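Notes follow the structure.
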2 protein chains.
Amino acid sequence: MAGNFADRLAEAIRQKDSRVCVGLDPRLDLLPELPATSATSRVEAFCCAICTAVAPYTVAVKPQSAYFEALAPDGLACMWRVIRFARELGLLVIVDAKRNDIGSTAEAYVQACLGLHAGSAEPLADAVTVNAYLGADGVRPFVEAAATYGTGAFVLVKTSNPSSGDLQDLRLDSGLTVYQHMADLVAQWGRGLVGQSGYSSVGAVVGATYPEQLRELRQRVPTVPFLVPGYGHQGATADDVAGGFDVAGLGAIVNSSRGIIYAYRERELDPGEAAAQAAEEMRLALNAALLH
Amino acid sequence: MAGNFADRLAEAIRQKDSRVCVGLDPRLDLLPELPATSATSRVEAFCCAICTAVAPYTVAVKPQSAYFEALAPDGLACMWRVIRFARELGLLVIVDAKRNDIGSTAEAYVQACLGLHAGSAEPLADAVTVNAYLGADGVRPFVEAAATYGTGAFVLVKTSNPSSGDLQDLRLDSGLTVYQHMADLVAQWGRGLVGQSGYSSVGAVVGATYPEQLRELRQRVPTVPFLVPGYGHQGATADDVAGGFDVAGLGAIVNSSRGIIYAYRERELDPGEAAAQAAEEMRLALNAALLH
């Protein structure tokens, strides 16, 4: 995997003129009916069809590890087949795993989540999401992997869910909130990995459902790229996420999962056609909001 | 899985007069040489031998998901075979996965990490570790599972690693530290699940390497049982962890991974014999420290 993750991300955004990331959240109860077959076969066929359909309008896909793990025992093998397929389509792949551990355990997660399996020299995924409640120890192995392999990591800073404030909005005696402090740590951890785009391979997850905080953080940590979940089904609009971008339209990608992959449930189209239409609508809506 | 997890834990502690949890961290580079076979076969044989050997001295085992996931593609299937084996030996099983997500994704992690696979009605594991950076949303599905299935959850509060203070020791404007605030949230989330033992099925991870904080938290949240990592290889002693117990010798279990499962590397014994000896020494050391 050549070069710097943040540079590859910026290049993909420019080439496709897209800031769209499609979340692959394969829920069996929402998948289309298929002839009798195994759960993992259904999931693999569905996810690959979605990837093919959205690839022209999308810079990245974000497989959610939880849904694949729940398809035990062979769910993760299915996820890696989908990831290989997506990479061959030229999509960047961000594994949404929110992992966190220390020392040699964190190194095992680097192997597991970036697809450095059984001594393979090249990672299969481009980036992974990380939870930094454990501090620098839990993030360092992902930063080292970024330097070695050209991968990326997105650290949870201000998440999109209603209760994210339980911890993240608490005010410290320094005057900062917990999420502001975390954003500063993320900028510091990624200092050595800033590429030609001006962004680091160590990014942050900042929810689209908190537009003020997104805008504020864009100013606060100008070298940290954002992965922005919460668009669409969770309620955020293109105007809500506009503040996450810099003046050149870089610095963030916006994720939608359900609103794209299950668009077929609300449109008179097959799943791939509906997903392609929804992804293209989202691409155009984001780009229009950036011009305001 | 009958009854309340905290009550089953307290009963196991009393029956075996043990507060020992053995961490299953199968690192290929530390496993004994075996005739040529697959990595997962080596790991499974090793972990099952360790479980059999330590079962008389140990209340629980804690498989570390990362090491199994790194054995892709069939590492997690191997972990579940080890878990079934451990349960048949009468050991409680705590899956160390530190998962964190929201909504239906968190529910997928409940299925994945407690072993509620493919519509099975009974979980295969007793408890799981959880990271609560996302607030209540990320913990609620595990609390609901505890009510429904009699499982448990241990939420990261004050972890054992050197950089745990990066976030956890920050002082809030309320005067509390982040980890104290988190401990209070854990007590609150588990309020409805306090069993006859006086402890809740929603516990906390508090590192043995911070003995003062462990003692302080034991007073602060008297209904929250502790999973205490950091003993042995990470440097903590029996005296360091004594403050994590109540006057009846309940309220905590202490985990050692490397110091037990790889004891054979420093003793003239086979892996099982060495692990049994190390587990029994740890059991006695903890019990002696409680009498001081």
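To find a chain, count down the sequence lines: A is the first, B the second, and so on, and within it residues start at 1. Only a predicted model underlies this, so the values are computations on that prediction, with no experimental measurement involved. Atom set for the values below is all heavy atoms of this structure, side chains included, hydrogens, waters and symmetry mates excluded.
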With A/Tyr231 via ring pair (Phe, Tyr, Trp, His ring centres under 6.0 Å) - residues at least two apart: none

Choice from B/Val178, B/Leu28, B/Asn131 maximising heavy atom contacts with chain A below 4.5 Å: B/Asn131

Donor-acceptor contact below 3.5 Å, side chain A/Ser164 vs main chain B/Leu134: no

Portion of B/Leu156 that has a non-hydrogen atom of chain A nearer than 4.5 angstrom: both

Side-chain touch B/Trp189/A/Asp166, heavy atoms, less than 4.5 angstrom: yes

Listed partners of B/Arg258 passing side chain to side chain contact (heavy atoms under 4.5 Å, CB included), at least two apart: A/Ser104, B/Arg27, B/Leu30, B/His233, B/Tyr262

Partner chain A: residue of B/Cys113, B/Gly135, B/Gly175 with the largest heavy-atom pair count (under 4.5 Å): B/Gly135

More than 12 heavy atoms of other groups within 6.0 Å of A/Arg84 CZ: no

Winner by heavy-atom pair count (cut-off under 4.5 Å) against chain A, out of B/Asp96, B/Asn100, B/Thr159: B/Asn100

Heavy-atom pairs under 4.5 Å with chain B, option from A/Val157, A/Asp25, A/Thr177, A/Leu116 with the top count: A/Val157

Interface residues of residues 69-78 of chain B facing chain A - non-hydrogen atoms under 4.5 Å apart: B/Glu69, B/Ala70, B/Ala72, B/Pro73, B/Leu76, B/Ala77

Straight-line distance of A/Asp101 CG to B/Thr129 OG1, nearest 0.5 Å: 7.5 Å

Close side-chain approach of B/Tyr109 to A/Lys98, heavy-atom, < 4.5 Å: no

Proximity breakdown for A/Leu172 and chain B, heavy-atom pairs closer than 4.5 Å: both

B/Arg191, CZ: over 12 other non-hydrogen atoms inside 6.0 angstrom: no

Among B/His117, B/Lys158, B/Gln111, residue most engaged with chain A (heavy-atom pairs, under 4.5 Å): B/His117

Greatest number of heavy atom pairs closer than 4.5 Å to chain A - which of B/Met79, B/Gln168, B/Met182: B/Gln168

When B/Ala108, B/Ser163, B/Ala112, B/Gly165 are compared by non-hydrogen pairs under 4.5 Å with chain A, the top option: B/Ser163

A/Asp173: side chain to side chain contact (heavy atoms under 4.5 Å, CB included) partners, not counting sequence neighbours: B/Arg171

Pairs of heavy atoms under 4.5 Å with chain B: top-ranked of A/Asp137, A/Leu176, A/Leu170, A/Val110: A/Asp137

Closest non-hydrogen atom pair between B/Tyr133 and A/Tyr179, with its separation: OH-CA, 4.2 Å

Residue part contacting chain A, namely of B/Ala39, when any heavy atom lies under 4.5 Å: neither

B/Tyr67 side-chain N/O to A/Thr105 backbone N/O, donor-acceptor pair under 3.5 Å: yes

